[in-house]
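Here the structure is laid out as structure tokens; the discussion comes afterwards.
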Amino acid sequence: MLTLRLIREEKDKLIKQLRIKNFEAEELIEKIIKLDDKRREFQLKKDNLQAQLNDISKEIGILYAQKKKEEAEQTKQKTIDIKEKIREYEDLLNDVESELNSIIVLLPNIPHESVPAGKTAEDNIIVKQAGDIPNLSIKKPHWDLIKEYDIIDFELGTKITGAGFPVYKSKGAKLQRALINFFLDQAEQVGYVEIQPPLIVNEDSGFGTGQLPDKEGQMYHIGLDNFYLIPTAEVPITNLYRNVILEEKDFPIKNVAYSACFRREAGSWGAHVRGLNRLHQFDKVEIVQIAKPENSYSVLEEMKNYVESLLIKLELPYRILKLCGGDISFTAALTYDFEVFSAAQERWLEVSSVSNFEDFQTNRLKLRYRPENEKKTRLAHSLNGSALALPRIMAAIIENYQTEQGIVVPKVLRDFTGFDIIEK
RNA sequence: GGAGAAAUGGCAGAGCGGUCGAAUGCGGCGGUCUUGAAAACCGUUGAGCUCGCGAGGGCUCCGGGGGUUCGAAUCCCUCUUUCUCCGCCA
């Protein structure tokens with residue numbers, strides 16, 4: 001959610017910048033400013049009336065103290081009219097505020113100045129490509145290999161739940177657990193504090209990170225309790241800092257969390273979502289940082305370099321994309337996507353998305369900090385990234401490391417798996 | 001799950017329905033004193049919104065939400081959390 005201050009003060013710049021995201025904001029902004037004007041007017045009127053009422057109440061108090069009961073009773077008459085008016089303005093204010101709140105969330109975050117214009121994923125910029133694409137003698141896609149080696153079972157998952165809920169078995173389960181431990185240990189080494197959050201969140205949390213109200217259909221909803229299954233650990237982790245005022249000494253804030261993630265993915269099933277490419281439940285290790293505004297872009301670079309280091313250690317071919325205005329999410333100001341090359345599918349698979357949200361999330365969250373020697377608080381910046389999402393990494397490892405003898409375990413994972421190869 | 005008690009500023013802890021945004025102590029910050037520090041003393045010390053060029057003013061916030069009242073930290077309802085006791089349980 002953009003701040004009203006910014007909308008009012010930098011209207012023209014804002015309209016121009018949002019065109020990068022292919023968003024025509026002018027009409028909406030005019031409407032917001034008009035509503036905000038009304039809001040201020042009603043607020044002021046209500047406050048003034050309230051001040052009058054407060055004065056009268058004090059007067060009555062004093063009269064009672066002086067035992068002037070008659071006069072006190074008379075003075076009470078004066079409040080009747082004022083109270084009525086206050087109620088009127090309260091109603092007006094509530095209406096205008098709820099309308100304002102419902103439309104201000106329609107404005108997307110402003111893209112960073114380096115975000116390229118563009119309509120689709122085709123227009124993203126490849127920032128870097130590295131790692132060798134393996135020259136495979138056999139080239140089976142992972143959905144065949146997992147059956148052959150009996151390490152992941154989709155049919156069983158369908159029996160238990162439904163499509164998109166695979167069952168990981170034996171060495172498949174262990175490989176996945178090895179990856180999780182590897183990712184968590186790596187993050188810990190560079191200063192991330194591990195968190196195990198709830199996997200179910202309430203409405204306030206969903207609103208805080210922007211899943212609600214607009215992306216409601218993406219999450220599984222538990223109607224009886226009005227809770228949501230998390231689509232990513234970003235939701236509980238970032239909400240840890242909802243309504244918090246940080247001190248200078250609290251920075252940097254770096255959290256890492258492993259969690260299962262649940263996504264309904266309604267309507268997004270198609271030809272390229274076979275096997276592990278898209279699931280309703282999957283595992284992910286997520287990194288989150290809360291930063292001071294002046295640092296947030298260097299923090300983003302740091303996070304980008306960290307994610308890259310994981311892919312280098314796993315010896316997977318990867319590329320880094322800077323998302324264009326058309327592909328970047330509603331909430332992000334700048335996003336880097338990481339893709340690994342899945343050698344049998346011969347496709348790039350997105351395995352991480354690292355973003356700076358600037359103060360778009362923190363404005364909703366009311367996450368502020370107090371700069372040293374300043375009285376006023378300011379909104380902090382929030383950033384997050386996958387480090388990494390498991391299924392597509394699994395897919396890429398299974399495909400890229402396949403040999404005649406079996407699926408070779410990447411070197412860095414062997415201490416975690418306790419085996420070097422998955423055989424039939 | 002049952003019974004009881006509680007929730008107040010960074011922390012501890014007062015607060016008969018009426019000059020209470022809140023005593024007091026600790027902590028923090030500024031100052032006096034000191035070569036420096038400590039001690040002592042004095043002052044200061046929450047947030048949000050808003051009006052004003054500014055000085056300064058107004059409104060709201062005592063776990064969350066609602067209510068009673070001219071007036072609520074204080075009374076009522078409700079939810080949440082914590083503690084004590086009992087029961088149950090991985």
Side-chain angles (χ1 to χ4, degrees), chain A residues 1-9 32-101 104-105 196-208 212 222-228 236 239-251 253 290 293 359 361-380:
Chain A
M1 184 166 78
L2 295 173
T3 62
L4 272 167
R5 173 167 316 190
L6 184 91
I7 294 169
R8 295 188 77 101
E9 288 173 7
I32 288 169
I33 291 175
K34 255 185 211 146
L35 280 169
D36 189 46
D37 285 341
K38 269 194 189 166
R39 199 202 91 222
R40 286 169 184 230
E41 183 198 326
F42 295 151
Q43 181 77 55
L44 186 66
K45 285 190 170 151
K46 195 196 124 198
D47 283 358
N48 287 337
L49 288 164
Q50 188 65 54
Q52 282 182 42
L53 185 64
N54 288 346
D55 284 344
I56 294 172
S57 294
K58 257 180 201 168
E59 237 176 84
I60 294 172
I62 293 166
L63 289 173
Y64 273 118
Q66 294 170 345
K67 310 263 191 237
K68 295 178 182 167
K69 227 175 169 180
E70 286 285 305
E71 266 180 75
E73 289 298 329
Q74 264 177 7
T75 310
K76 280 188 195 178
Q77 301 302 314
K78 287 201 267 182
T79 65
I80 297 168
D81 192 39
I82 295 174
K83 283 183 78 167
E84 182 55 38
K85 278 193 195 146
I86 289 175
R87 233 166 274 143
E88 277 169 33
Y89 279 112
E90 235 161 38
D91 289 345
L92 287 170
L93 195 60
N94 283 341
D95 289 350
V96 85
E97 272 181 349
S98 65
E99 197 182 345
L100 186 59
N101 288 339
I104 196 170
V105 297
Q196 283 191 21
L199 305 182
I200 294 176
V201 295
N202 59 28
E203 230 177 345
D204 285 348
S205 297
F207 183 79
L212 296 176
I222 302 169
L224 202 57
D225 300 293
N226 198 22
F227 288 153
Y228 294 87
N239 273 285
L240 254 25
Y241 305 97
R242 169 151 44 93
N243 250 317
V244 165
I245 298 174
L246 297 163
E247 300 294 330
E248 201 81 27
K249 65 175 161 51
D250 298 322
F251 293 101
I253 291 182
I290 309 298
D359 62 9
Q361 281 186 332
T362 55
N363 184 34
R364 280 192 175 205
L365 291 163
K366 294 201 168 55
L367 166 50
R368 294 154 294 176
Y369 78 105
R370 197 189 316 279
E372 200 132 60
N373 303 321
E374 271 186 46
K375 212 173 149 52
K376 273 281 186 187
T377 57
R378 282 191 221 165
L379 291 170

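All values reported here derive from a predicted model rather than from experimental measurement.
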Spacing of the [atom1] atoms in [M] and [N] (rounded, Å):
| N | M | atom1 | result |
| --- | --- | --- | --- |
| G21(B) | C16(B) | P | 16 Å |
| G65(B) | A72(B) | C1' | 16 Å |
| A90(B) | A6(B) | C1' | 30 Å |
| G17(B) | G71(B) | C1' | 8 Å |
| C62(B) | G67(B) | P | 15 Å |
| G18(B) | U74(B) | C1' | 11 Å |

Legend entry - Interatomic spacing from CG in D95(A) to CG in L92(A) - rounded to 0.5 Å: 6.5 Å

Considering residues at least two apart in sequence or located in another chain, which fulfil the side-chain hydrogen bond (donor to acceptor under 3.5 Å, both in side chains) criterion with [X]?
| X | value |
| --- | --- |
| N226(A) | E203(A), H221(A) |
| Y241(A) | N255(A) |
| S205(A) | N202(A), R242(A) |
| K68(A) | Q66(A) |

Inset, instruction - Provide the Watson-Crick or G-U wobble partner of G43(B), both distances under 3.5 Å; none if there is no partner. - result: C29(B)

Legend entry - Pairing nucleotide - A3(B), Watson-Crick or G-U, each distance under 3.5 Å: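 Its partner is U84(B).
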
Inset, instruction - Under 4.0 Å between any heavy atoms, over every strand shown, what does I80(A) touch: base, sugar-phosphate, or nothing? Just pick one. - result: nothing

Legend entry - Listed partners of N94(A) passing side-chain contact (heavy atoms from CB on, under 4.5 Å), at least two apart: E97(A)

Using atom [atom1] of [X] as one end and atom [atom2] of [N] as the other, report the distance to the nearest whole Å.
| X | N | atom1 | atom2 | result |
| --- | --- | --- | --- | --- |
| N243(A) | G46(B) | CG | P | 19 Å |
| N202(A) | U81(B) | CG | P | 11 Å |
| E71(A) | C70(B) | CD | P | 18 Å |
| L49(A) | C70(B) | CG | P | 17 Å |

Inset, instruction - With a 4.0 Å heavy-atom cut-off, tell me which residues in residues 81-99 of chain A come close to RNA chain B, sorted by residue number. - result: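 Of all residues in residues 81-99 of chain A, the ones placing a heavy atom under 4.0 Å from RNA chain B are K83(A).
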
Would you list the atom pairs, donor with acceptor, under 3.5 Å between side chains in residues 37-48 of chain A and any protein atom, with sequence neighbours excluded?
residue : atom : partner : partner atom : Å
D37(A)  : OD1  : R8(A)   : NH1          : 3.3
D37(A)  : OD1  : R8(A)   : NH2          : 2.6
R39(A)  : NH1  : D36(A)  : OD1          : 2.4
R40(A)  : NE   : D36(A)  : OD2          : 3.2
E41(A)  : OE2  : K45(A)  : NZ           : 3.2
Q43(A)  : NE2  : D47(A)  : OD1          : 3.2
N48(A)  : ND2  : L44(A)  : O            : 3.4

Inset, instruction - Taking ring-ring contact (aromatic ring centres under 6.0 Å, His included) as the test, write out the residues that go with Y64(A), two or more places apart. - result: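 Result, ring-ring contact (aromatic ring centres under 6.0 Å, His included) vs Y64(A): none returned.
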
Each nucleotide N or O in nucleotides 55-59 of chain B that has a protein N or O under 3.5 Å away: list the pair and distance.
residue : atom : partner : partner atom : Å
C59(B)  : OP1  : N54(A)  : ND2          : 3.1
C59(B)  : O2'  : D47(A)  : OD1          : 3.0

Legend entry - Side-chain N or O of R40(A) closer than 4.0 Å to phosphate OP1/OP2 of C49(B): no

Atom pairs, N/O to N/O, protein against nucleotides 64-66 of chain B, distance under 3.5 Å?
none

For residues 79-86 of chain A, dump all side-chain donor-acceptor pairs below 3.5 Å to protein atoms at least two apart in sequence or in another chain.
residue : atom : partner : partner atom : Å
T79(A)  : OG1  : K76(A)  : O            : 2.6

Might you list the N or O atoms of the protein lying below 3.5 Å from N or O atoms in nucleotides 17-20 of chain B, with each pair's distance?
residue : atom : partner : partner atom : Å
G18(B)  : N2   : S57(A)  : O            : 2.8

